[in-house]
Structure formats: C-alpha cells, structure tokens
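Beneath this line is the structure, given in structure tokens, with notes to follow.
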2 protein chains.
Amino acid sequence: MPQKHRKTVQRKPRADAQRNRERILEVAKEAFARHGANASLDDIAKEAGVGPGTLYRHFPAREELLQAVYRTDLEKLAAAEQKFAQTMAPTDALRAWLLLFVDAIAAKQLIAPALNTLLGDPKKVFEASHAKMHQAIRALVKRGVESGEIRSDLDPVDLLRALIGVSNVASAPDWQPSARRLVDILIVGSRPIK
Amino acid sequence: MPQKHRKTVQRKPRADAQRNRERILEVAKEAFARHGANASLDDIAKEAGVGPGTLYRHFPAREELLQAVYRTDLEKLAAAEQKFAQTMAPTDALRAWLLLFVDAIAAKQLIAPALNTLLGDPKKVFEASHAKMHQAIRALVKRGVESGEIRSDLDPVDLLRALIGVSNVASAPDWQPSARRLVDILIVGSRPIK
DNA sequence: GGTAAAATGGAGACTGTCTCCGAATTAATA
DNA sequence: TATTAATTCGGAGACAGTCTCCATTTTACC
C-alpha cells in the first residue's frame, strides 16, 4: 500500500465536488436538449446552483461538457455493434447499426447537436466515446469487406459523417425518413462494383 | 412615367452606400475564409472602414451577409447543371455535378462554412441562390428517374446534405478524396433496385 | 478538533452582437 | 450653383455570453 505515505496520496474525492458534477450534467442535458448545443454555460451553472467557476473547472471547454453528457449514450450505441455483428450477415449488421444510429439521433433531440461537434471537430479525436464509435463502424465495415460484401475503398467514418450531415442540417421536420432512405442508398452504394 | 410626381419616386441609390456595400462584401469574403463563418462582424465592419451600424443596415443578420457573399458562387454552380444535363447521360451528369459541388467546396474554403448555414437552416428556404441550387439537383435527379437510371424514392436534397455533412464536419485534412468517394457511393446507391 | 488540500462561487475583464440617433453626405430640384 | 430633404453614416453603449482569478468555505484525513 504505497498510498500510506506517498506524497501524492490519493484522497477520496470530495463529496461536494461529486455532487456538483452530477448536478451540472443533469442540468446540462436538459439545457442542451432545449436550447441546442449553444445553451449558455453560465445559465447552466446558475440552474445547477453553482458558480460559473465551478462549472468551468469541471469542464474547461464546452466540448468536454457535451462529451460528458452524451458519453453513455454514445457508448451504448457503440456497444450495439457487437450484438449485430454476432447475429447478422455483414451487410445486414451494418444496415441495422446505421439505422440504430439514425434512431438514436432522432429519438433524443439530445444527441443531434452534440454529434457534429463531437464526431467532427478537428480537435481531439481521442475521446473515449469518440474512439468507441469509430471502432464500431470500422469493425462492421471491415467484416463486410472481408466477406466481399462491401467494397474495400470505403472510409467507414464517411458513412457516419453523411448521416450526421443529413440529420444536423435537417431543415425539414421529416428528416428521419430521409435519413433512413439515405442509409439504404449508402448500403447499396457500398457494395463492391462487379 | 409615373415616377415624375409619385410620392414614392425611386431615387438613384447613393454612391457611398453602394461603395460601402461592396467593400463590406470583399472584406467579409476574406474574413469568412480566414476565420470561418463566425468571424466577428464588428471586425469586418472595422476593416471595411465603416461602423457596425452600417454593416448591420446592409445585412441585418449574419445569414444575409453569408448569403450575399456566396450568392454568385452558388448560382454559378447551379447554372452548371444545364451544361451537364445537355451533354451527358443522366447518371453521368448527376455524378459530374456532385463532383463539381465537392470541388467547389474544396477549392474555396470559402463556401464550406456558409453551406451548412445556407442549405440547411430551418429558416428561409426561399433565398434566391438557395432555390437555384435545389432546382439544379432536382432537375438532375428527375431526369435520371425518368430515364430509369435513378430510383424514384430519392430526395434529391439529401444528396447535397450528405456531401455538405462530410465536408463541413471534415476533421481529416484529406476529406476531399473521401467526399469524392462518397459521391461514387451515392451514385451507385441511387440506382433502382432491380 | 485541527489542519492542509481541494473545491467553491461570484465579481469582473473581455469579446462579440446589435441598436439608436445626431451628424454628415448626397441626389434631386430650383 | 444653392437649397432641400431623403438617405446613409458610424460610433457610443446596452446587452449577453465566455472564462478567470482568488478570497472564502468545505472536506478528508490525522
């Protein structure tokens, strides 16, 4: 037990810190859903009953807050990949997962605003959930390529980008059927050219 | 000539107004290219040598400035549709035009930031250049559908949305090849299911 | 209980948006 | 050319959002 007399003993994290962090996340999820990804951070802090300083210490950048808010949802989505991969043919699995992705965006107005910021931005492509999503789509496509059902010159992430593009650019209130149709097109278009 | 004694005679527009408007557009194009679509409007005004009031009278909302800046480029793009339609088979014309679209986005960092705001936002879908772009893609797809080369259950605008999504979400510096590949996928996927 | 480490939160600096309106400029008219 | 009235200018400043600093408070551990 090196903890006993190391200089850098790990203290148990303070209870109030934990509490505040969770409250901020709750309020933020609500706020992002209501006001979009640009909701005022100071307002979120206020509604969570903390000062702005506190919010910014927990989440130095807006991105990080968004990331934290949607992390679990994204990871759940990524996890679904394995289930599909195990029970379906490659192409079907890919299609199913893409549709699930669309549904997830649709179901929760929540994720939509976050995704473009998350999946896309030039910055950190290293975040945990980010990486898991990439891994998921890559695995699906790779399996398809190996079985010969998917053309090999395909950047898996582009599929996601296309869908995100459609959804977040969504002008029409009926974007969801559009997105589902697009999935179909992407799938068909992803077959190898014979 | 009712102008002679109508109350609402149209005066010749003032020269300084015209001059300022043009200067603002020049500077804005430059600024958007450099700093993205969120460039500070007050800064643009300052650099154009006018007060913020002037800028805001000419372009009450950021959107309108963006629109004005890229109007000609977009309309040129839309116009290219006819040329393609007249000289190529439907599918080829569609492909060519989509590729031109990608190139236009790539060539000018310019257009990219504007497009998502332009093509997408819930607000006015009525702008001139906006409408022309929609018309162009619709015409291309329609022709393809009629000749049986394109499936009929396809929202033409979704193709644009997908491409815009890819480009503006563009994290990788090599997004352009991705986008070109995506065009290919979209085209293949747009064929009728036999 | 005492103490040092950790966390708080609000005042305020800063930046960007947008408006208001007195002053300046200009096109039309005489 | 001089006058006039419409039009435009442009900067001061109200407002909102972001983010930081640090004196104060809370907490875990002894």
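In what follows, chains are A, B, ... by sequence order, proteins preceding strands, each numbered from 1.
Contact annotation for A:Ala48: no contact, since no heavy-atom pair falls under 4.0 Å across all strands. Nucleic acid contact class of A:Thr54 (heavy atoms, under 4.0 Å, all strands): base.
Side chain of B:Trp97 to main chain of B:Gln82: no donor-acceptor pair is present (N/O by atom type, distance under 3.5 Å, no hydrogens or angles). Judged by distance alone, the side chain of B:Arg21 and the main-chain N or O of B:Phe59 form no donor-acceptor pair under 3.5 Å.
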Apply salt bridge (Lys or Arg N to Asp or Glu O under 4.0 Å) to the pair B:Asp158 and B:Arg161, showing each step before the final yes or no.
CA-CA 5 Å; B:Asp158 279 348; B:Arg161 291 210 188 101; 2.7 Å; yes
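Atom CD1 of B:Ile24 is separated from atom P of D:dT8 by 13 Å (rounded to the nearest Å). When rounded to the nearest whole Å, the span between NE2 of B:His58 and C1' of D:dT8 equals 8 Å. Regarding A:Asp42, its CG atom lies at a distance of 13 Å from the C1' atom of C:dA13, rounded to whole Å. One atom, CD of B:Glu63, and another, P of C:dT17, lie 13 Å apart when rounded to the nearest Å. Here D:dC19 presents its P atom at 4 Å from OH of A:Tyr56, a figure rounded to the nearest Å. Separating the CG atom of B:Leu65 from the P atom of C:dT17 is a distance of 11 Å, rounded to the nearest angstrom. Rounded to whole Å, atom P of D:dT8 lies 13 Å from atom CZ of B:Phe59. Going from atom CG of B:Leu55 over to atom P of D:dC9 covers 10 Å, rounded to whole Å.
By the side chain to side chain contact (heavy atoms under 4.5 Å, CB included) test, A:Ala39 is found to be paired with A:Ala31, A:Phe32, A:His35, A:Ile44, residues two or more places apart in sequence or in another chain being considered.
For the pair B:Arg95 and B:Asp92, the salt-bridge criterion is met [side-chain N within less than 4.0 Å of a carboxylate O].
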When you compare the protein's N or O atoms with those of nucleotides 23-27 of chain C, which come within less than 3.5 Å of each other, and at what distance?
| from | atom 1 | to | atom 2 | distance (Å) |
| --- | --- | --- | --- | --- |
| C:dT25 | O2 | B:Arg14 | NH1 | 2.7 |
| C:dT25 | O2 | B:Arg14 | NH2 | 3.2 |
| C:dA27 | O4' | B:Arg11 | NH2 | 3.1 |
| C:dA27 | N3 | B:Arg11 | NH2 | 3.2 |

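Between the side chain of B:Asn20 and the base of D:dC9, no donor-acceptor pair of N or O atoms lies under 3.5 Å.
Between B:Ala17 and A:Asp43, the residue anchored nearer the 5' end of DNA chain D, judged by the nucleotide with its closest heavy atom, is B:Ala17. If A:Leu41 and A:Arg57 are placed on DNA chain D by their nearest nucleotide, the residue sitting closer to the 5' end is A:Leu41.
Put simply, the side chain of B:Leu55 does not reach to within 4.5 Å of the side chain of B:Asn20, judged on heavy atoms.
Proximity of B:Ser40 to the phosphate of C:dT15: no side-chain N or O atom is located under 4.0 Å from OP1 or OP2.
Put simply, A:Val188 and B:Val141 are part of two different groups of oily side chains (I, L, V, M, F, W, Y) that touch within less than 4.5 Å, one to the next.
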